[in-house]
Engineer: 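Encoded as C-alpha cells, here's the structure I'll be asking about.
Letters A, B, ... are given to chains in the order of the sequence lines, protein chains preceding strands, and every chain is numbered from 1. Quick caveat: nothing in here was measured; it's all calculated off a predicted structure.
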Protein chains: 2
Amino acid sequence: MAITIYDVAEEANVSMATVSRVVNGNPNVKPETRKKVLAVIERLGYRPNAVARGLASKKTTTIGVIVPDASKTFYAELSRGIADIATMYEYNIILSNSDKRQDREVELLEDHLGKQVDGIIFMSDSITPQLREEMRRANVPIVLAGTLDAEKEFPTVNMEYEEAAYEATKKLIENGHSNLAFVSGPFTRDINRLCKKVGFEKAHEEAGFTVNPEFILETDNTYDDAYNHWCEMLERDDAPTAILVSNDELAVGILNAIRDNKFSVPDDFEIICFEHSLLARAVRPQLTSVVIPLYDLGAVSMRLLTKLMNKEETEEDKVTLPYRFELRASTKEKNPLA
Amino acid sequence: MAITIYDVAEEANVSMATVSRVVNGNPNVKPETRKKVLAVIERLGYRPNAVARGLASKKTTTIGVIVPDASKTFYAELSRGIADIATMYEYNIILSNSDKRQDREVELLEDHLGKQVDGIIFMSDSITPQLREEMRRANVPIVLAGTLDAEKEFPTVNMEYEEAAYEATKKLIENGHSNLAFVSGPFTRDINRLCKKVGFEKAHEEAGFTVNPEFILETDNTYDDAYNHWCEMLERDDAPTAILVSNDELAVGILNAIRDNKFSVPDDFEIICFEHSLLARAVRPQLTSVVIPLYDLGAVSMRLLTKLMNKEETEEDKVTLPYRFELRASTKEKNPLA
DNA sequence: ATGAAAGCGCTAACAA
DNA sequence: TTGTTAGCGCTTTCAT
C-alpha cells in the first residue's frame, strides 16, 4: 500500500486538511507547520494520488488529444506544439490515434470524456454530423486544430489554406504555365476539397484558364501512390508542367517520378507543395513550399484550450495563423514569390 | 452535473451494484434486468466516470509513455507501435516528452506515477543511477524500449545494434574500403557509444584495420550538423570513402553534402545508415540501411508491459528483435550484403 | 492557522 | 440474482 495523505498527517501530527493545504500551496499554513509537513512528505516519499484528487476536485489536469495518426510528421509536429504548451500549464496529455475512422473518433471522444479530461484538442479530416452531435454533448471545451469546421461552430485554429493555394497557383501561372495539376491527398479531407482545391481553381478562373479535371489527382496520401500517379502522367503528351501538391510526401513522390524518368525540376516541371518538413529540404532540388506552421497550430490550440478551460474571456475562438512561402529550387529562379 | 451510476440505478429501480455489474459485463445479471439497465443508460446518456472507477479499483487502464521527442520520426513510429497494442488491450496512453533532460525524466516518472498509471514505457538515451533509483521506487512495471540498460535490471525491448553495426561495417570493408567513418548522434546516447561504435570498431579489429578517431564524428543529431561536418571532411585529402551513419537524417545530410560538392554516391563514397524511414527511400540514391523495427519495438514493449501488469508469467523480459538490411543504391551493386 | 467531516462516483466484499 | 455498505485518497466547506 502506498503512502497516503492520512499517513503523512498522522506522522506529522496534523490533520489531513493541513497536509492537503501544504501540498496545494495554500498560504494559510504556519511556516513551521509547513516545514514539518514537508519534511514528513520527503521522508515518507509521499506522492499525491492524482486520481483521488481528480475525483474530489473534478479536475484531472489532463487533456485529450485525438489525432488521425501521430506517426505522420504533420501530426507529430502539431502534437509537439500542443505538448509543450500543455507542459507549461501543467497538463498531461492522453494521446489517441483515430486513423481517420469516424467510428473510432466517436469512440475516442466518448472514451476521453469518460476519463474526465478537462478539455480536448481534436484533429480530423471532416467534422461529420455525428461527430458534431457527440462534440456538443461534451461537458468540457473542445478545440479543433488543423481541421475545418464548415459550420464554424467550434473553437478552431487553422491557417488560410485556400488563400495559400490560390497564391501558389497564381505564382505558377505567372511563371508562364497554363497547364497545371493539383495533386492532393484524399478529398474526404475537407481542407483538400474545400480549401486547397478551391484556391487552385480560383487562380485559374482569374487567369481565364479552365481547370482540367483530369489533372486534379486524388491520391491516398502516400509517397508511392503519388509516384505511380505521376509516372502515368508522364506518358501523356499533354502532361501539366506545373504542380501544386498537397504535402511534402506526395511532392517528393512526384519529384522522384519526374527525375527517375530523366526529366528535370524545375526546367521541365515546377513544383510547389504544402508543409515544408525536413523531407522538403532533404531532397534535391529542394521544394518550394507553403510553410504550414504546424508547431504553432498546436501551441495556439492548446493555449486557446487553457483559456476555455479557465473560462477566461476570449476575444475570438476562431484563430487563423499566417503562413509563408519558402522559395527553393523546385521553382525557377526569378520566381516572383521572392 | 453529469449522470452518475446512482441516477441510473434509481431510474431503473435497481441498486448501483447492479448497474455496475451491467457496465462491467458481469454475467451475474438476469438478461432482462441487464436490458432494462442498458436502456436507461442509453436514455440518460450515462458515461461511467473512469476517475471514480480508478480510485475504487486501483486500476486506471492508462499507461505512461515517456519519450525524448515524439515529433522525431524515430520515436513517433515507435510510439505508434505502442499505441496500437495499447488500443488492443484497451489502455489509454499519457504521452510526455523529456527532451532528454534527466531532470525532466525524473519529474515525468514521478508525475505519471502520481497519475496512477498501471505501467510505463520509458525511452531514454541513458539510464543514469538517479533514474534507476526512481524506477526502482515505482510500484508499477516499467519497460524500456529502444533504450540500453547496461545493468540489465529492467525489462527491455531492443535490437542488436552492435551486431548490426559490425555487420554493416564488415560489408563496407568487403566492398574494398579501408578508410571508414562512423557518423553518430550524441554519445550521451548509450546505444551510439556502447553499441554502434563498438560494432564499428570490432569490424576494424577483425580486418586488421585501426580506427582513425578523427573519423568518429559525434554530431548533434541534426541534418544540418551532419551536412556541415561532411563538407569539412570533403576538404581533406584523406577523407574516408565509406560511412556508417547512425540514422537517416544524418545520412541524408552527408549524402547531400557529398552531392552538393559534386561527388558521387556510391562511386566516391558508400553509405550505410541505421533506420530506413521514408527519408531514406525518398532521396536519390536511396540509402542502404540497417532497418530498425521501430514499430515492432513499440508493439512488443507494450505487449510485454501488458503481461507484466497482469502478472502473467513471462519467460523472458529482455527481448531482442531481429533487424534486416535493406539494400539500396548508396552502396555498390554487387554488394555481398545481398 | 487548523481540524472535522461530508462527499466525489465507483468497486468489491459480504449478505440476502 | 440482487442489494447493502464500506471504503478508495483526496478536496472543500464549515467550525473553531
Side-chain angles (χ1 to χ4, degrees), chain A residues 1-38 40-41 44-62 90 110-111 113-118 139-140, chain B residues 1-38 40-41 44-62 90 110-111 113-118 139-140:
Chain A
M1 205 70 279
I3 309 295
T4 72
I5 199 173
Y6 193 78
D7 300 321
V8 175
E10 191 172 40
E11 189 74 12
N13 286 310
V14 295
S15 70
M16 47 189 289
T18 298
V19 178
S20 176
R21 290 190 185 97
V22 170
V23 168
N24 293 298
N26 185 318
N28 287 340
V29 181
K30 210 198 306 177
E32 62 183 286
T33 312
R34 175 183 309 278
K35 206 148 135 193
K36 183 175 59 177
V37 172
L38 250 17
V40 173
I41 287 178
L44 264 41
Y46 168 66
R47 178 194 296 141
N49 180 326
V51 172
R53 185 185 295 203
L55 184 59
S57 70
K58 300 184 165 301
K59 282 168 176 304
T60 55
T61 61
T62 299
E90 308 203 88
E110 206 51 45
D111 180 26
L113 259 10
K115 292 257 166 158
Q116 311 304 118
V117 295
D118 296 335
N139 48 345
V140 296
Chain B
M1 207 71 276
I3 309 295
T4 72
I5 199 173
Y6 193 79
D7 300 321
V8 176
E10 191 172 39
E11 189 75 13
N13 287 311
V14 296
S15 70
M16 46 188 293
T18 299
V19 178
S20 176
R21 289 188 187 98
V22 170
V23 168
N24 293 298
N26 185 316
N28 289 338
V29 181
K30 209 196 312 177
E32 59 183 287
T33 310
R34 176 185 309 280
K35 205 148 132 193
K36 182 175 61 176
V37 172
L38 250 16
V40 174
I41 287 178
L44 264 40
Y46 168 67
R47 177 194 296 142
N49 180 325
V51 172
R53 183 184 297 198
L55 183 59
S57 70
K58 300 182 163 303
K59 282 167 177 303
T60 55
T61 61
T62 298
E90 307 203 88
E110 202 56 39
D111 180 27
L113 260 10
K115 292 258 166 157
Q116 311 303 116
V117 294
D118 296 335
N139 48 346
V140 296

Engineer: Are the side chains of B:Arg21 and B:Thr18 in touch, meaning some heavy atoms are under 4.5 Å apart?
Structural biologist: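 Heavy-atom side-chain distance check passes, below 4.5 Å.
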Engineer: Does the side-chain hydrogen bond (donor to acceptor under 3.5 Å, both in side chains) test come out yes or no for B:Thr62 and A:Lys115, once each step is laid out?
Structural biologist: CA-CA 10 Å; B:Thr62 298; A:Lys115 292 257 166 158; 2.7 Å; yes
Engineer: Mind checking the OG1-CG spacing from A:Thr4 to A:Asn49? Nearest 0.5 Å is all I need.
Structural biologist: 9.5 Å
Engineer: Look at all strands and tell whether A:Asn49 reaches a base, only sugar-phosphate, or nothing, counting heavy atoms closer than 4.0 Å.
Structural biologist: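 A:Asn49: backbone/sugar contact only, no base atoms under 4.0 Å.
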Engineer: I want to check one thing: is the phosphate of C:dT2, taken as OP1 and OP2, less than 4.0 Å away from some side-chain N or O of A:Asn28?
Structural biologist: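 For C:dT2, OP1/OP2 do not have a side-chain N/O of A:Asn28 under 4.0 Å.
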Engineer: Please check the phosphate of C:dT2 (OP1 and OP2 only) for any side-chain N or O of A:Thr18 closer than 4.0 Å.
Structural biologist: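 Answer no for this pair, as no side-chain N or O of A:Thr18 is under 4.0 Å from OP1 or OP2.
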Engineer: Kindly point out which of D:dT12, C:dC14, D:dC8 is positioned nearest to the side chain of B:Arg21?
Structural biologist: C:dC14
Engineer: Counting side-chain heavy atoms from C-beta on, which of C:dC10, C:dT2, D:dC10 comes nearest to A:Tyr46?
Structural biologist: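 Within the option list, the nearest is D:dC10.
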Engineer: How many Å lie between CD1 on A:Ile5 and C1' on D:dC8, as a whole number?
Structural biologist: 13 Å
Engineer: What nucleic acid atoms does A:Val14 come within less than 4.0 Å of, heavy atoms only: base, sugar-phosphate, or nothing?
Structural biologist: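 The residue A:Val14 makes sugar-phosphate contact but no base contact.
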Engineer: Atom CD of B:Glu10 and atom P of D:dG3: how far apart are they, to the nearest Å?
Structural biologist: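 Taking CD of B:Glu10 and P of D:dG3, I get 13 Å after rounding.
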Engineer: Would you kindly check whether a donor in the side chain of B:Arg47 faces an acceptor in the base of C:dG9, or vice versa, at under 3.5 angstrom?
Structural biologist: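 For B:Arg47, whose side chain was compared with the base of C:dG9, there is no donor-acceptor pair (under 3.5 Å).
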Engineer: Write down the distance between OH (A:Tyr6) and P (C:dA6), rounded to a whole number of angstrom.
Structural biologist: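 Distance, rounded to whole Å: 15 Å.
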Engineer: Output the rounded distance in Å from CD (A:Gln116) to P (C:dC8).
Structural biologist: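 Result: 14 Å.
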Engineer: Indicate, with a heavy-atom threshold strictly under 4.0 Å, whether B:Ser57 touches base, sugar-phosphate, or nothing.
Structural biologist: sugar-phosphate
Engineer: Roughly how many Å is it from CG in A:Asn24 to C1' in D:dT13, rounded to a whole number?
Structural biologist: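 Roughly 15 Å, once rounded to whole Å.
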Engineer: Which part of the nucleic acid, if any, lies within reach of A:Val23 when heavy atoms closer than 4.0 Å are counted: base, sugar-phosphate only, or nothing?
Structural biologist: nothing
Engineer: From C-beta outward on A:Ala17, which listed nucleotide comes closest to its side chain: C:dG3, D:dG9, C:dC10?
Structural biologist: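 Among C:dG3, D:dG9, C:dC10, the one nearest the side chain of A:Ala17 is C:dG3.
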Engineer: Phosphate oxygens OP1/OP2 of D:dT12: is one of them under 4.0 Å from a side-chain N or O of A:Ser20?
Structural biologist: no
Engineer: Round to the nearest Å and state the distance from A:Leu55 atom CG to D:dG7 atom P.
Structural biologist: 17 Å
Engineer: Closest heavy-atom contact between A:Thr60 and A:Val117?
Structural biologist: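 So the minimum-distance heavy-atom pair works out to OG1-CA, 3.7 Å.
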Engineer: Could you state the atom-to-atom distance from NZ of A:Lys59 to P of D:dG9 in whole Å?
Structural biologist: 24 Å
Engineer: Please determine, for the side chain of B:Arg53, which listed nucleotide (D:dT1, C:dC10, D:dC10) has the closest atom?
Structural biologist: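 From the listed options, C:dC10 comes nearest.
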Engineer: Could you state the NZ-P distance from A:Lys58 to D:dG9, rounded to the nearest angstrom?
Structural biologist: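 Checked: the NZ to P distance equals 19 Å.
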Engineer: Can you tell me if A:Ser15 touches the phosphate of C:dG3, counting only side-chain N or O atoms and a distance under 4.0 Å to OP1 or OP2?
Structural biologist: yes
